[in-house]
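Everything numeric in this text was worked out from a predicted model, so none of it was measured. Chain A is the first sequence line, chain B the second, and so forth, proteins listed ahead of strands; every chain is numbered from 1.
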Amino acid sequence: MGKNCINRQILAAIRRIPYGTVSAYGEIAALAGVPGRARLVARILSESEDDGLPWHRVLRSSGQIAFAPGSAQFDEQVRRLQSEGVAVKQGRVKRDRKPLDLDAFLWAPD
DNA sequence: GCGCTGACGCGAT
DNA sequence: CATCGCGCCAGCG
């Protein structure tokens with residue numbers, strides 16, 4: 001029973017990823033209440049029949065597309081991401097980083 | 001039960 | 001960057 005419940009939580013989390021943005025397997029797992037279960041998210045995605053599910057917005061924590069470069073699935077994911085304005089280079093989506101902000105924070109005066 | 005396989009992640013080297 | 005090792009765990013021989 002609980003198993004199916006978690007499954008639904010994961011699918012719900014994926015459906016909440018905003019158009020034109022991306023998330024990661026591990027992030028989805030955490031949002032679904034099962035941190036550390038990235039592989040479960042991947043498995044559920046691979047078996048989901050839901051057509052409207054924005055599976056293409058889920059990437060590795062590195063921003064890399066999980067499929068093998070050149071595979072049909074890889075190409076399809078790139079196509080879908082680009083169609084919603086997400087920049088994909090070398091099979092990867094650059095995630096918003098703010099290294100300068102972190103630097104400023106660490107060096108900020110008391 | 002045992003080993004292997006993943007649409008994974010993270011810290012260490 | 002690239003590699004390793006280890007953690008995680010639902011299926012399928």
Bracket string, DNA chain B, 5' to 3' - pairs by Watson-Crick or G-U geometry under 3.5 Å, | interstrand: .|||||.||||||
B/S/- contact track for nucleotides 6-13 of chain B, protein heavy atom under 4.0 Å: BBBSS---
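Inter-residue side-chain proximity for A:Ser61 and A:Glu27 is flagged as unmet; no heavy-atom pair is nearer than 4.5 Å. Between A:Tyr25 and A:Arg39, the closest side-chain pair of non-hydrogen atoms is not below 4.5 Å. When side chains are defined from C-beta on, A:Leu81 counts as touching A:Leu59, because their heavy atoms get closer than 4.5 Å.
The two residues A:Arg15 and A:Leu53 make their nearest non-hydrogen contact at CG-CD1, 3.7 Å.
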Residue pair A:Ser62, A:Arg92: steps toward the side chain to side chain contact (heavy atoms under 4.5 Å, CB included) verdict: CA-CA 8 Å; A:Ser62 62; A:Arg92 140 172 306 186; 3.6 Å; yes
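Formation of a donor-acceptor pair under 3.5 Å by the A:Ser46 side chain with backbone atoms of A:Arg43 is found in this model.
In the model, A:His56 has a side-chain atom that pairs as donor or acceptor with a side-chain atom of A:Glu84 under 3.5 Å.
Between B:dA7 and C:dC6, the distance separating the two P atoms is 22 Å to the nearest Å.
Distances shorter than 4.0 Å separate none of the side-chain N or O atoms of A:Lys3 from OP1 or OP2 on C:dC9.
Counting heavy-atom neighbours within 6.0 Å of A:Gln90 CD, excluding the residue itself, gives a total of 12 or less.
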